[in-house]
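Input: a single structure, listed below in structure tokens.
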Amino acid sequence: MEIKQEYQDGKPRIDYSSSEEAFPISFRYSKNKKRHLVCTRDIQAGSIVFIEKACASIVNEGSLDDLCSRCYKDLPTGNNILPDLAIEQQREAKAYSDMKCNSCRYARYCSKACQEDDTETHTLECPVLSALESLGKDGKFSLNNIRMLLRIFIRKRQQEISSYEFIPGGQCESPIRYFADETLHIEAFNRHWIKHTQDCIDFINQNLPKEYRIEQRKAVEFASILSTIGDDCMHQNLLKISGAYPIFSIHFKHSCAPNCVQVGENDGRIYVRTLTDLKKDTILTVSYSHLFALRDERRRQLYIKKHFWCRCTRCSKDISNSVDGKLEGLMCQVCRKGLVINKDNGVDSEEHDCSLHNSKEQKKMHHYIKCTSCRQLYKKNYVVDVNKFIREKYIKGLQLFEYEKYVLAKEAFEELVRYFHKKKHINAQNYYLLQSHYYLSKCYEQFNEFPRAIENLKIFLEKVESNEYLPKNFPVLSFVKLELASYYTQCANSKGLDSKKASNALVLKYFLVAIQLHQKAYDELSISYGAENQLVLGLKERVGALQDSYKTAMKEYQKSTETRDLVVHAPVLQKFSNQPTNLSYKRVPAPVKQPRQSSIPV
């Protein structure tokens, strides 16, 4: 693969007509929008608009014992062989464990066919992989990145030798030569990174046949591309493999309010689906950042990782009129309606014009911030200090949580919530407050205090959904709903059915809410992940299991209610009958008692 520096205008150098025929997309280029994709017809939510198989992929370090190195299917290992298994099963599992490379620890296979198909590639990789441990011990360059770069070197030469013909649709690997359309950002990497990358490339080239080696300059350029696009699909799905997707990474534009979502699968493919209904000629966008974050933080991370300042519709909009203003603003102490937002963060600070502060009045106003509703003035230093105090409290709790000091973390987050209720400086949609509620739910989960976990996670979910911080059907919210449903299920299972009718009714209500949350998550993930996704299919089975639990609990509840009413009215039946009291007798209807109110929010 040769990366040509003379193409500075960003225009595509590859013919993508075959991909345009396979999917309802068109590859476009303009001076303002640069490279982008548009849909060629009206598309419904949940439709697949693009599929790509990685040009090179590897099993991640922590999953080497779980997946086949060739087809990435799950495989049993020697650790899975149990003494009580049948002899045939033990032999099969033992056969799986024997199909691995004896020279390195990186190659394991699910069948002889996979082992034979991978022989050519692994024969070239094995000398490098055997000596890889010593190179990765210093921690300057991850072993996964070295293995990916090695796989790229080999795949490039194999595609050149075989006159590789690409067929779009996700059935075959994307050509490595498609990376020629990627923009280089060598200037963004410091000399220490470049020097260490050069050392790694020299190490790889020394252990490869001459015809598979790549010139150091070109290899460094390619390593910079991998560093830029390497995890474009990782934050949407916890994958056990890593892959490079040239067409997707280069042509799908980023937006903090995307209309598509990318989901990587453990078969080495990435699927792009629409989140909402799209009209013809709509630009297709995905997210390369965490959407529920402060604007300045999102843009900074994109600049560091992807080397561009985000100017999407959400980031370009005036923060006072954007959802980002609710995440960052303080509550006005006078009107209690408006927000006090420091606009010296993010896009507003870049476009700030110092020439506006010529007069004394303008210079004075520069040190004050107006409320968005009543126009009350606040000193900028006051707003900065309050934001700093809130952020420090949140970071303290987050660090304690990451160190698994859950008691101290819970106290830190509770202190921030109490500060909100006492001082009223923080608005109810503030980012740090909502994040505190989320991590409080995780802390309460550690102590099995599920009612409190429900209370905090409900606040987080309701605020995020009502303010549209995330696009509709975005999978992050779906997983939060599944977390909340698990808390309701834990509450129902821990209480069980006892002699109190009110408690039994609460158990049934918990089961019912859990079923509803699972159903909502299933409907959303069917759009973002697809109905055939293994996670979605498993979720469908879980909904069925919860419905069975609800029916069982309902039968037990009805049975316990009947028995209790009969026991209470047995003396009455005995008084008006000479025959012994029997459950088959017609019982006197009992007065309906209202269940006691529970303090647990449902």
Side-chain angles (χ1 to χ4, degrees), residues 22-25 37 39 43-54 57 60 63 66-67 71-74 169-171 231-243 245 247-249 252 254-278 282 284-292 461 464-465 468-486 489 514-547:
F23 301 103
I25 58 175
L37 297 172
C39 52
I43 301 177
Q44 292 183 343
S47 301
I48 295 177
V49 293
F50 187 69
I51 306 175
E52 184 177 9
K53 188 173 183 179
S57 54
N60 287 335
S63 304
D66 302 329
L67 300 180
C71 65
Y72 306 128
K73 292 181 180 178
D74 293 330
Q171 298 302 317
D231 59 349
D232 284 346
C233 68
M234 294 295 289
H235 66 280
Q236 300 298 348
N237 198 5
L238 298 178
L239 300 178
K240 295 181 179 181
I241 69 169
S242 296
Y245 306 90
I247 303 177
F248 167 79
S249 301
F252 274 89
H254 164 82
S255 174
C256 295
N259 53 31
C260 297
V261 64
Q262 70 275 29
V263 177
E265 299 286 357
N266 280 330
D267 58 0
R269 293 177 177 84
I270 189 171
Y271 296 79
V272 183
R273 288 182 172 85
T274 55
L275 292 172
T276 58
D277 295 340
L278 300 180
T282 302
L284 302 175
T285 58
V286 296
S287 172
Y288 296 127
S289 67
H290 295 285
L291 298 183
F292 186 70
L461 183 60
V464 173
E465 278 196 314
E468 299 181 350
Y469 294 133
L470 299 176
K472 185 180 179 182
N473 299 320
F474 202 67
V476 171
L477 279 182
S478 304
F479 290 121
V480 173
K481 290 174 183 174
L482 292 179
E483 288 183 45
L484 185 59
S486 69
T489 306
I515 292 171
Q516 293 172 347
L517 287 169
H518 272 88
Q519 189 62 50
K520 289 180 181 178
Y522 172 77
D523 294 338
E524 293 171 356
L525 289 174
S526 296
I527 293 176
S528 58
Y529 274 43
E532 301 302 322
N533 183 274
Q534 292 298 318
L535 184 147
V536 179
L537 293 175
L539 186 58
K540 187 176 182 179
E541 294 178 0
R542 198 185 311 172
V543 172
L546 275 173
Q547 289 174 343

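What you are looking at is a predicted structure, and each value in this text was computed from that prediction instead of being measured.
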**OP:** Start with the C-alpha distance between Val464 and Val480, add both sets of side-chain angles, then the distance that settles side-chain contact (heavy atoms from CB on, under 4.5 Å), and finish with yes or no.
**Re:** CA-CA 11 Å; Val464 173; Val480 173; over 6 Å; no
Subject >> Qualifying salt bridge (charged side-chain N to carboxylate O under 4.0 Å, His left out) pairs, either residue in residues 520-533, two or more places apart >> reply: Lys481-Glu524
Subject >> From CG (Leu517) to CG (Leu461), nearest 0.5 Å >> reply: 7.5 Å
Original post:
Please walk me through it: do Arg269 and Gln171 pass side-chain contact (heavy atoms from CB on, under 4.5 Å)?
Top reply: CA-CA 9 Å; Arg269 293 177 177 84; Gln171 298 302 317; 4.3 Å; yes
Subject >> Nearest heavy atoms of Ile25 and Val49, plus distance in Å >> reply: CG2-O, 3.5 Å
**OP:** Of all the heavy-atom pairs spanning Thr285 and Pro258, show the shortest one and how long it is.
**Re:** OG1-CA, 3.4 Å
Original post:
Would a 4.5 Å heavy-atom cut-off, applied to side chains only, mark Leu284 and Cys39 as touching?
Top reply: yes
Original post:
Can you tell me how far CD1 of Ile270 sits from CZ of Phe50, rounded to the nearest 0.5 angstrom?
Top reply: 8.5 Å
**OP:** Please lay out, stage by stage, how Ile241 and Leu67 fare under the test side-chain contact (heavy atoms from CB on, under 4.5 Å).
**Re:** CA-CA 9 Å; Ile241 69 169; Leu67 300 180; 3.8 Å; yes
Original post:
Quick one: does Phe23's side chain get under 4.5 Å of Val272's, heavy atoms only?
Top reply: no
**OP:** Carefully, step by step, assess Leu275 and Lys472 under the rule side-chain contact (heavy atoms from CB on, under 4.5 Å).
**Re:** CA-CA 7 Å; Leu275 292 172; Lys472 185 180 179 182; over 6 Å; no
Original post:
For the side chain of Arg273 and the backbone of Ala45, is there at least one donor-acceptor N/O pair under 3.5 Å apart?
Top reply: no
Original post:
Atom CD in Glu52, atom OH in Tyr271: separation rounded to 0.5 Å?
Top reply: 12.0 Å
Original post:
Which heavy atom of Ala521 sits nearest a heavy atom of Ser478, and at what distance?
Top reply: CB-O, 3.7 Å
**OP:** Before giving the answer on side-chain hydrogen bond (donor to acceptor under 3.5 Å, both in side chains), spell out for Ser242 and Asn60 the whole-Å C-alpha distance, their side-chain angles and the decisive distance to 0.1 Å.
**Re:** CA-CA 6 Å; Ser242 296; Asn60 287 335; 2.5 Å; yes
Subject >> Given Asn473, Val261, Thr276, the one that forms side chain to side chain contact (heavy atoms under 4.5 Å, CB included) with Ile527 >> reply: Asn473
**OP:** Say whether, by atom type as modelled, one donor and one acceptor occur between the side chain of His518 and the main chain of Val543 under 3.5 angstrom.
**Re:** no
Subject >> Pairwise distance SG(Cys260) to CD1(Ile43) - rounded to 0.5 angstrom >> reply: 7.5 Å
Subject >> Check: Ser528 side chain, Phe474 main-chain N or O, donor-acceptor pair, under 3.5 Å >> reply: no
Original post:
If we only count heavy atoms from C-beta on, is the Leu482 to Leu539 side-chain gap below 4.5 Å?
Top reply: yes
Subject >> Gap between atom OH of Tyr522 and atom CG of Leu537 - 0.5 Å precision >> reply: 7.0 Å
**OP:** Report yes or no: do Tyr72 and Ser57 form a side-chain donor-acceptor pair below 3.5 Å?
**Re:** yes
Original post:
Which distance, rounded to the nearest 0.5 Å, do you find between the CD of Gln516 and the CG of Leu484?
Top reply: 11.5 Å
**OP:** Indicate yes or no for a side-chain donor-acceptor contact from Gln262 to the backbone of Ser287 under 3.5 Å, with no hydrogens or angles considered.
**Re:** yes
Subject >> Check: Leu291 and Tyr469 side chains under 4.5 Å, non-hydrogen atoms >> reply: no
Original post:
Under the side chain to side chain donor-acceptor pair (under 3.5 Å) test, which residues partner Thr274, sequence neighbours left out?
Top reply: none
